[in-house]
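Step one of this worksheet: look at the structure below.
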Amino acid sequence: MNFYIETFGCQMNKSRSEHLAYLLSQNGFQPARNKEEADILLFNTCAVREHASEKAISNIQKISLERTTGFYRPLLVVLGCYSEYVKKRVEKRLPGVDIIIGTHNLESLPELIKKNLETHRKLIAFSETPPGPFDEKGFLRTPGVTAYLPITYGCNNFCSYCVVPYTTGRQRSRPLPSLIDELQLIVEEGFREIMLLGQNVNSYGMDLDGGLTFEGLLQIIEHTMGNEKLWIRFLTSHPRDMNRSIIERVKGSSILCPYFHLPLQSGSDTILHSMNRGYTQEHYLNMVSQIREIIPEAGIGTDLIVGYPGETKNDFQETLRVAEAAQFDIAYTYCYSHRPNTQASLMNDEIPITIKKERLRILNEMIHIIHSHKMNRLLGQGTTVLIDEKTSLSFSGKTPSNLRVSLPPQSILNPGQFVPVQLTSIQAGKLWGEVIERES
Ligand code: SAM
Ligand code: SF4
């Protein structure tokens, strides 16, 4: 039998799907080329924002209804953050699904599928005991340029608006020896870029014996992999736990890329306090100044939420002010989404959707202007690009600072190549470059 996994949400989920694919392939199931050919259809879900997660769930419900009438009758499996989030109401929310699994039971997936195939009974599995150490082994990675490697799973921060600590549990760090083994395996598999993942990578090791910190981990990775032709990135950094020594470690490194994903969320101290983020705008801007002072060419990315309960016009102006001062290279912007059971969901002063959307529009406009000015200032400069996409019209790849650059098709390039590039123009909002000389 063959299977297809549809993944929603973050890179962490994508990586977990690669682990699930490995578990299934070790148990006699084959990956299907597409959804339509699959005997088993799995949905690895997300619950972070209401609109996206409800859209995904109504699509799953539609497939389960069509199944009763049509010829396409795959076995349906729903797992991951959404199932964990609605665990008490799961029967009601996912009535036509054959197997539902929480976030801490993934290893039981092959066994549950076999059991369902034998008994044709609906199976629901959630773990009642706290999960053991986080040490997922085996990933059926999609061949390509970039490999994901989660270094922690879960989160202890309980930001007031966020479901992640409830859906993934407390932070668990992957022990160092298996992390190094996995890094070496990734290199042997031919990947050129490794993305170290965690909800707050800066707190790596806090839950392990031995006192290893994130900076210590970077030092060990640098020491072990420093001679490889490889780029290593990490995300997400929490502004509260980011520090000068991590920035300096990146500066001195031959493989660590100078890109920091540092979600600000809001520029208002009142809102930051209510969000339980643990820093002020002053601390945040100080961190940004340190990055720019130590690594002037570094990229800084962020996440921003508008319309958090009680956000006044002044609070929003503060977000605009801090975003302007920080001159972000990349920004993911969201309207606040009400998530039942979080601390923020208990607050009464929800902002009307029209105001949220208007604030999002204003913020996006400003981010776009900052981005355009920054791109213009880069024209004429040289950089290195790791090619990761190839179409009939162009190649594209990323710079160490995480900027996407397109290259004309006349260059003969292949994904996985590092090429020296001069940035030459901006077309339809995209940065274009030309290869200066070929490298292998
Ligand atoms: N751990 C990361 C951090 O602390 O920045 C972020 C993880 S979260 C899955 C990704 C982003 O989703 C957050 O940075 C936040 O901007 C956004 N997000 C989370 N909950 C949200 C909510 N209830 N409404 C809108 N955006 C939300
Ligand atoms: Fe959610 Fe905050 Fe944890 Fe990020 S740090 S996952 S926003 S609780």
Side-chain angles (χ1 to χ4, degrees), residues 7-16 44-54 80-82 84-85 103 150-173 195-204 206-207 214 234-242 259-268 271-279 284 287 300-311 316 319 322-323 326 328 330-347 350-351 353 356-357 359-360 363-364 367:
T7 308
F8 299 90
C10 60
Q11 285 103 333
M12 187 70 88
N13 258 10
K14 289 182 188 145
S15 169
R16 290 211 114 189
N44 188 4
T45 56
C46 170
V48 170
R49 278 170 294 276
E50 184 183 13
H51 184 68
S53 69
E54 286 305 319
C81 286
Y82 184 85
E84 190 74 37
Y85 186 50
T103 44
I151 62 168
T152 63
Y153 188 72
C155 182
N156 294 350
N157 286 321
F158 289 92
C159 299
S160 64
Y161 50 82
C162 184
V163 297
V164 171
Y166 306 98
T167 59
T168 61
R170 294 301 169 98
Q171 177 182 299
R172 294 176 290 141
S173 303
M195 194 98 77
L196 306 178
L197 300 175
Q199 294 300 350
N200 175 4
V201 287
N202 312 85
S203 59
Y204 172 83
M206 267 173 32
D207 51 306
F214 181 56
F234 51 84
L235 83 159
T236 298
S237 299
H238 195 296
R240 185 198 56 214
D241 300 328
M242 185 69 191
Y259 172 74
F260 298 89
H261 196 75
L262 210 58
L264 167 64
Q265 312 299 2
S266 169
S268 151
I271 300 290
L272 285 173
H273 180 72
S274 172
M275 284 177 163
N276 193 28
R277 289 291 289 176
Y279 54 86
Y284 187 92
M287 213 31 83
I300 302 180
T302 202
D303 298 347
L304 292 158
I305 298 176
V306 297
Y308 178 83
E311 184 188 70
F316 176 59
T319 297
V322 179
F328 294 118
I330 296 171
Y332 299 95
T333 56
Y334 308 105
C335 282
Y336 167 76
S337 171
H338 174 92
R339 304 313 282 133
N341 302 329
T342 58
Q343 277 303 308
S345 72
L346 305 175
M347 298 169 71
E350 178 98 2
I351 305 292
I353 185 69
K356 283 189 204 169
K357 284 190 171 166
R359 288 182 184 170
L360 189 67
L363 178 62
N364 283 342
I367 297 283

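In this text, all values refer to a predicted model and were calculated from it rather than measured experimentally. In each ligand, atom 1 is the first atom listed, and ligand 1 is the first ligand listed. Quick note: numbers below take in every heavy atom, side chains included, and nothing from hydrogens, waters or symmetry partners.
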Is a side-chain N or O of Asn156 found less than 3.5 angstrom from the main chain of Gln171, in a donor-acceptor match? yes
Atom 21 (C) of ligand 1: nearest protein contact (heavy atom, Å): Tyr161 CD1, 3.7 Å
Could you tell me, atom by atom, which parts of ligand 1 come under 4.0 Å of a heavy atom of Gln265? 5 (O), 13 (C), 14 (O), 15 (C), 16 (O)
Side chain, backbone, both or neither: which part of Tyr334 comes within less than 4.0 Å of ligand 1 when only heavy atoms are counted? side chain
Taking atom 1 (Fe) of ligand 2 as the reference point, the nearest protein heavy atom with its distance: Cys162 SG, 2.3 Å
Can you pull out the closest protein heavy atom to atom 5 (S) of ligand 2? Residue, atom name and distance to 0.1 Å, please. Asn157 ND2, 3.3 Å
Which is it for Arg277 and ligand 1 at heavy atoms under 4.0 Å: side chain, backbone, both or neither? side chain
Do Asn157 and Arg277 have a side chain donor and acceptor closer than 3.5 Å? no
Please list, in number order, the atoms of ligand 2 under 4.0 Å from a heavy atom of Phe158. 8 (S)
Starting from atom 3 (Fe) of ligand 2, locate the nearest protein heavy atom and write down its residue, its atom name and how far away it is, to 0.1 Å. Cys155 SG, 2.3 Å
CD/Gln11: more than 12 non-hydrogen atoms of other groups inside 6.0 Å: yes
Students should be able to answer this: which protein heavy-atom is nearest to atom 7 (S) of ligand 2, and at what distance? Tyr161 OH, 3.4 Å
Can you list the ligand 1 atoms lying under 4.0 Å from a non-hydrogen atom of Arg339? 23 (N)
With a cut-off of 2.8 Å, does Cys159 put an N/O/S atom close enough to atom 2 (Fe) of ligand 2? yes
Give the residue, atom name and distance (to 0.1 Å) of the protein heavy atom nearest atom 11 (C) of ligand 1. Asp303 OD2, 3.4 Å
Restricting to non-hydrogen atoms, name the atom on Cys46 and the atom on Ser53 that form the minimum distance, rounded to 0.1 Å. O-CB, 3.0 Å
Quick look: Cys335 vs ligand 1, heavy-atom contacts under 4.0 Å, and the answer is backbone
As an exercise, identify every atom of ligand 1 less than 4.0 angstrom from a heavy atom of Tyr336. 24 (N), 25 (C)
For the residue pair Asn364 and Thr333, confirm or rule out a side-chain donor-acceptor distance under 3.5 Å. yes
Who's the nearest protein heavy-atom neighbour of atom 17 (C) of ligand 1, and how far? Arg49 NH1, 3.2 Å
Mind checking whether His338 contacts ligand 1 via backbone (N, CA, C, O), side chain (CB onward), both or neither, at a 4.0 Å heavy-atom cut-off? neither
Heavy-atom pairs closer than 4.0 Å: do any link ligand 1 to the side chain of Pro263, the backbone, both, or neither? side chain
For atom 6 (S) of ligand 2, which protein heavy atom lies nearest, and how many Å away is it? Gln199 OE1, 3.5 Å
Under 3.5 Å side-chain donor-acceptor pair for Arg339 and Tyr166: no
Regarding Ser160 and Tyr308, do their side chains bring together a donor and an acceptor under 3.5 Å, going by distance alone? yes
Do you see a donor-acceptor pair shorter than 3.5 Å between the side chains of Gln265 and Tyr161? yes
Which is closest to atom 9 (C) of ligand 1 in terms of heavy atoms, Thr342, Val48, Thr168? Val48
Does only the side chain of Gln199 get under 4.0 Å from ligand 1, or the backbone, or both, or neither? Count heavy atoms. both
Which atoms form the tightest heavy-atom contact between Glu311 and Gly307, and what is the distance? OE1-N, 2.9 Å
Is at least one protein non-hydrogen atom found at under 4.0 angstrom from atom 24 (N) of ligand 1? yes
Look at atom OH of Tyr332 and say whether more than 12 heavy atoms of other residues, nucleotides or ligands are closer to it than 6.0 Å. no
